Amino acid sequence: MEASGDIRETLFVFDCEWVGDLREPHTTHITEVAVYSVRTQATYHASCTALASTEAIHTACTKMGTAPLTATASSCADMLQGMIAFVTAETEGRSTAPALIGHNAVRYDAPVLLHNMRRCNVCMPAHWQVMDSLYHARFHMRHREPCNGFSLQQLCTLCNVTVDDTQLHGALYDTMLLHALLVSMSTQWQVPYISGFM
């Protein structure tokens, strides 16, 4: 089923940044979250000091080639509650449940988000859903054009979306980049903004 009408009004693109082992999402510690409302173009973006040690954060940032994250006044719980409050306010009065779109979110972002919410005693609303733009791209783009792969950067190259390598691995930048990619796929290749809505 394609996302359209009322469904599209409750779509949100999101990204999380974290430190820890991706193979074990329960060991990760979120440092940054960003959410973009497709309907209103509003954004939520917050960062926090990870529960992991400062040394672990510095090591992870060095490996990614990014500057160390600066701490804000937000705790992890405050940051996650702020995200829930943002999505809830954006979907108030709408009959369709919110759906969060992330790239490879089913394997990584969603489990990481859930485990961090449990750790911070924050309850994920039961009616929220997660949609994966990786599966969406694999389904719609695999026969349209030769492609080296389906990573965010590879798809952006295919769709002529400019990528600033110096800003990659920032939650807000990656969120807006994914939105730009989905729009480009929709306009250039006539595929739905997102598909796979359950």
Side-chain angles (χ1 to χ4, degrees), residues 1-3 7-39 43-47 50 60 64 76 79-80 82-84 86-88 90-91 96-120 122-142 147 149-156 159 161 163 168-186 191-198:
M1 180 175 174
E2 296 179 3
I7 293 173
R8 184 161 178 154
E9 291 185 349
T10 54
L11 292 179
F12 297 85
V13 183
F14 85 109
D15 185 59
C16 304
E17 298 299 323
W18 60 79
V19 293
D21 190 343
L22 294 178
R23 294 166 298 181
E24 300 178 335
H26 66 279
T27 68
T28 61
H29 298 267
I30 285 184
T31 57
E32 191 180 9
V33 169
V35 183
Y36 171 81
S37 170
V38 175
R39 179 177 65 89
T43 58
Y44 172 78
H45 177 226
S47 60
M64 291 189 299
C76 185
M79 179 179 69
L80 295 172
M83 172 187 170
I84 292 172
F86 170 77
V87 173
T88 301
E90 287 288 309
T91 55
T96 308
L100 304 178
I101 305 166
H103 203 68
N104 210 5
V106 169
R107 291 181 63 197
Y108 294 123
D109 290 85
V112 166
L113 193 61
L114 285 170
H115 282 294
N116 277 264
M117 284 186 169
R118 289 181 187 128
R119 182 183 294 121
C120 294
V122 174
C123 183
M124 169 71 86
H127 63 293
W128 285 20
Q129 300 186 41
V130 174
M131 301 173 74
D132 201 319
S133 57
L134 175 61
Y135 299 152
H136 169 72
R138 280 178 178 165
F139 180 80
H140 288 285
M141 302 299 288
R142 68 186 188 276
C147 185
F150 296 96
S151 72
L152 193 57
Q153 294 94 318
Q154 289 166 327
L155 288 167
C156 284
C159 295
V161 175
V163 178
L168 280 173
H169 307 300
L172 184 59
Y173 182 77
D174 286 1
T175 294
M176 300 312 296
L177 186 63
L178 178 55
H179 169 66
L181 172 64
L182 293 173
V183 169
S184 180
M185 285 169 55
S186 180
V191 301
Y193 180 84
I194 194 67
S195 58
F197 193 88
M198 301 297 292

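Source: prediction; values computed, not measured.
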Inset, instruction - Provide the closest heavy-atom pair for Leu100 versus Phe14 in the form atom of the first, atom of the second, distance. - result: CB-CD2, 3.5 Å

Legend entry - Residue list, side-chain contact (heavy atoms from CB on, under 4.5 Å) with Ser133, at least two apart or on another chain: Ile101, His103, Leu178, Leu182, Ile194

Legend entry - Distance-minimising heavy-atom pair for Met131 and Ala99: SD-CB, 3.7 Å

Inset, instruction - Kindly indicate whether the side chain of His127, heavy atoms from C-beta on, has any atom under 4.5 Å from the side chain of Pro98. - result: yes

Legend entry - Validation row: Met83, Phe86 side chains within 4.5 angstrom (heavy atoms): no

Legend entry - Distance, nearest 0.5 Å, that separates CZ of Arg39 from OG1 of Thr91: 8.5 Å

Legend entry - Met141 vs Cys159 side-chain heavy atoms within contact, under 4.5 Å: yes

Legend entry - Gln129 to Ala97 - nearest heavy-atom pair and separation: NE2-CB, 4.4 Å

Inset, instruction - Could you grab the distance from atom CG of Leu181 to atom CG of Asp174, nearest 0.5 Å is fine? - result: 11.5 Å

Inset, instruction - Please check if the side chain of Thr28 supplies one atom and the backbone of Val19 the other of a donor-acceptor pair under 3.5 Å. - result: no

Inset, instruction - Can you sort out the partners of His45 under ring pair (Phe, Tyr, Trp, His ring centres under 6.0 Å), two or more places apart, ordered by chain and number? - result: none

Legend entry - Shortest non-hydrogen contact between Ser37 and Glu90, atoms and distance: OG-OE1, 3.0 Å

Inset, instruction - State, yes or no, whether a side-chain contact exists between Asp132 and Arg107 at a heavy-atom distance under 4.5 Å. - result: no

Legend entry - Where Cys16 and Asp109 come nearest, the two heavy atoms and their spacing: N-OD2, 3.2 Å

Inset, instruction - Please identify each residue that fulfils side-chain contact (heavy atoms from CB on, under 4.5 Å) with Val130, with sequence neighbours left out. - result: Ala105, Ala110

Legend entry - Heavy-atom check, side chain of Ser47 versus side chain of Glu17, under 4.5 Å: no

Legend entry - CH2-CG distance between Trp128 and Leu114, expressed to the nearest 0.5 angstrom: 10.5 Å

Legend entry - Side-chain heavy atoms of Leu80 within contact of Leu113, under 4.5 Å: yes

Inset, instruction - Tell me, please, which residues at least two apart from Tyr108 pass side-chain contact (heavy atoms from CB on, under 4.5 Å). - result: Trp18, Leu22, Asn104

Inset, instruction - Look at the rings of His179 and Tyr193 and say which category their plane angle falls in: under 30° parallel, 30 to 60° tilted, over 60° perpendicular. - result: tilted

Legend entry - Between OG on residue Ser184 and CG on residue Leu155, distance to nearest 0.5 Å: 10.0 Å

Legend entry - Tyr44 side chain to Met79 backbone, donor-acceptor under 3.5 Å: yes

Inset, instruction - Taking all heavy atoms of Cys156 and all of Val163, pick out the closest pair and write down the distance. - result: CB-CG2, 3.5 Å

Legend entry - Side chains of Val106 and Leu134 in contact at under 4.5 Å (non-hydrogen atoms): no

Inset, instruction - Identify, with sequence neighbours excluded, every residue that meets ring pair (Phe, Tyr, Trp, His ring centres under 6.0 Å) alongside Phe150. - result: none

Legend entry - Non-neighbouring partners of Phe139 that pass side-chain contact (heavy atoms from CB on, under 4.5 Å), sequence neighbours left out: Arg142

Legend entry - Sole residue of Val87, Thr43, Asp15, Thr175 in side chain to side chain contact (heavy atoms under 4.5 Å, CB included) with Val35: Val87

